[in-house]
Amino acid sequence: QVQLVESGGGLVQPGGSLRLSCAASRSIFSIYVTAWYRQAPGKQRELVATINIGSNINYAPSVKGRFTISKDNAKNTVYLQMNSLKPEDTAIYYCNVIPNVGWGQGTQVTVSS
């Protein structure tokens, strides 16, 4: 059973930045496609960004140009740098691999003035 622990969320004003981290209890990010998801209140969980073994990256259109996914395989950690945040980015953010290995508790991001 792999444990995923997300951190780095918080309250930020529109236009601000946050850097999320996700640590895995064992080495999985070097084996599988790694992804960040988010779930806003009353909405389904959506895929935000992915990075594969070869570090090819894809973003949801809503975050492209503002968010950056990266990973450090040696630290079993994946990151999500979020810039130019908007109120519609407010959600709980989760990391996982594809296929999913189970979900962590997520980290809350709230963008509000």
Side-chain angles (χ1 to χ4, degrees):
Q1 184 84 13
V2 177
Q3 306 298 320
L4 298 170
V5 179
E6 300 91 348
S7 61
L11 173 63
V12 63
Q13 292 186 341
S17 298
L18 284 173
R19 189 191 193 209
L20 307 183
S21 299
C22 173
S25 58
R26 61 180 178 87
S27 178
I28 57 171
F29 300 141
S30 61
I31 302 172
Y32 300 103
V33 174
T34 302
W36 280 97
Y37 298 80
R38 66 186 181 186
Q39 187 167 19
K43 295 187 178 181
Q44 289 189 332
R45 190 171 290 164
E46 64 170 336
L47 183 63
V48 173
T50 61
I51 181 168
N52 71 9
I53 299 170
S55 295
N56 293 311
I57 292 170
N58 286 286
Y59 298 101
S62 59
V63 307
K64 195 170 185 178
R66 301 188 297 121
F67 289 12
T68 303
I69 186 172
S70 61
K71 62 178 179 173
D72 186 332
N73 290 332
K75 295 182 178 179
N76 298 333
T77 301
V78 61
Y79 306 97
L80 187 67
Q81 177 68 43
M82 306 187 297
N83 299 328
S84 302
L85 282 161
K86 304 175 181 180
E88 51 264 43
D89 295 318
T90 295
I92 300 174
Y93 284 71
Y94 303 87
C95 73
N96 216 311
V97 294
I98 300 172
N100 295 343
V101 295
W103 297 94
Q105 82 289 348
T107 186
Q108 175 71 50
V109 172
T110 303
V111 184
S112 175
S113 55

- Identify whether Y94 and I28 are in the same connected component of the hydrophobic contact network (ILVMFWY, side-chain heavy atoms under 4.5 Å). no
- Query: To the nearest 0.5 Å, how far apart are OG1 in T68 and OH in Y79?
  - Reply: 14.0 Å
- Task: Could you tell me which non-hydrogen atom of I92 sits nearest to which non-hydrogen atom of G106, and how far apart they are?
- Result: CG2-CA, 3.8 Å
- Item | Donor-acceptor contact present, side-chain E6 to main-chain C95, <3.5 Å | yes
- Task: Could you tell me whether the side chain of W103 and the main chain of L4 form a donor-acceptor pair under 3.5 Å?
- Result: no
- Mind listing the closest non-hydrogen atom pair of S113 and P14 along with its distance? N-CD, 3.7 Å
- Begin with the C-alpha distance, continue with both residues' side-chain angles, and end with the deciding distance and a verdict on side-chain contact (heavy atoms from CB on, under 4.5 Å) for V101 and N96. CA-CA 7 Å; V101 295; N96 216 311; 3.5 Å; yes
- Task: Identify whether L20 and L85 are in the same connected component of the hydrophobic contact network (ILVMFWY, side-chain heavy atoms under 4.5 Å).
- Result: yes
- Query: Do R38 and V109 pass the side-chain contact (heavy atoms from CB on, under 4.5 Å) test, and can you show the C-alpha distance, the side-chain angles, and the key distance before you say yes or no?
  - Reply: CA-CA 9 Å; R38 66 186 181 186; V109 172; over 6 Å; no
- Item | Donor-acceptor contact below 3.5 Å, side chain Y59 vs main chain I69 | yes
- Item | Over all atoms of both residues, closest heavy-atom pair of K71 and N52 | NZ-O, 3.4 Å
- Task: May I ask you to decide if F29's main-chain N or O and N76's side chain share a donor-acceptor pair within less than 3.5 Å?
- Result: no
- Message: Using every non-hydrogen atom in the two residues, find where Q39 and K43 come nearest and quote the distance to one decimal.
- Response: NE2-O, 3.1 Å
- Query: What distance do S27 atom OG and K75 atom NZ have between them, rounded to the nearest 0.5 Å?
  - Reply: 14.5 Å
- Hey, quick one: are I57 and F67 part of the same hydrophobic cluster, counting side-chain heavy atoms closer than 4.5 Å, chains of contacts allowed? yes
- Item | Closest non-hydrogen atom pair between L80 and A49, with its separation | CD1-CB, 4.4 Å
- Go through M82 and V63 one step at a time and tell me if the side-chain contact (heavy atoms from CB on, under 4.5 Å) criterion holds. CA-CA 9 Å; M82 306 187 297; V63 307; over 6 Å; no
- Query: Are I51 and Y37 connected, step by step, through hydrophobic side chains (Ile, Leu, Val, Met, Phe, Trp, Tyr) whose heavy atoms are closer than 4.5 Å?
  - Reply: no
- Side chain T90, main chain V111, donor-acceptor under 3.5 Å: yes
- Task: Taking atom CD of E88 as the centre, report whether more than 12 heavy atoms of other residues, nucleotides or ligands fall under 6.0 Å from it.
- Result: yes
- Note on the structure: Taking every heavy atom of T107 against every heavy atom of G8, the minimum-distance pair comes out as OG1-N, 3.9 Å
- Query: Rounded to the nearest 0.5 Å, how far does CG of L47 lie from CG of N58?
  - Reply: 9.0 Å
- Message: In this structure, would V33 and Y93 fall into the same cluster of hydrophobic residues linked by side-chain contacts under 4.5 Å?
- Response: no
- Item | S112 and L11, any side-chain heavy atoms less than 4.5 Å apart | yes
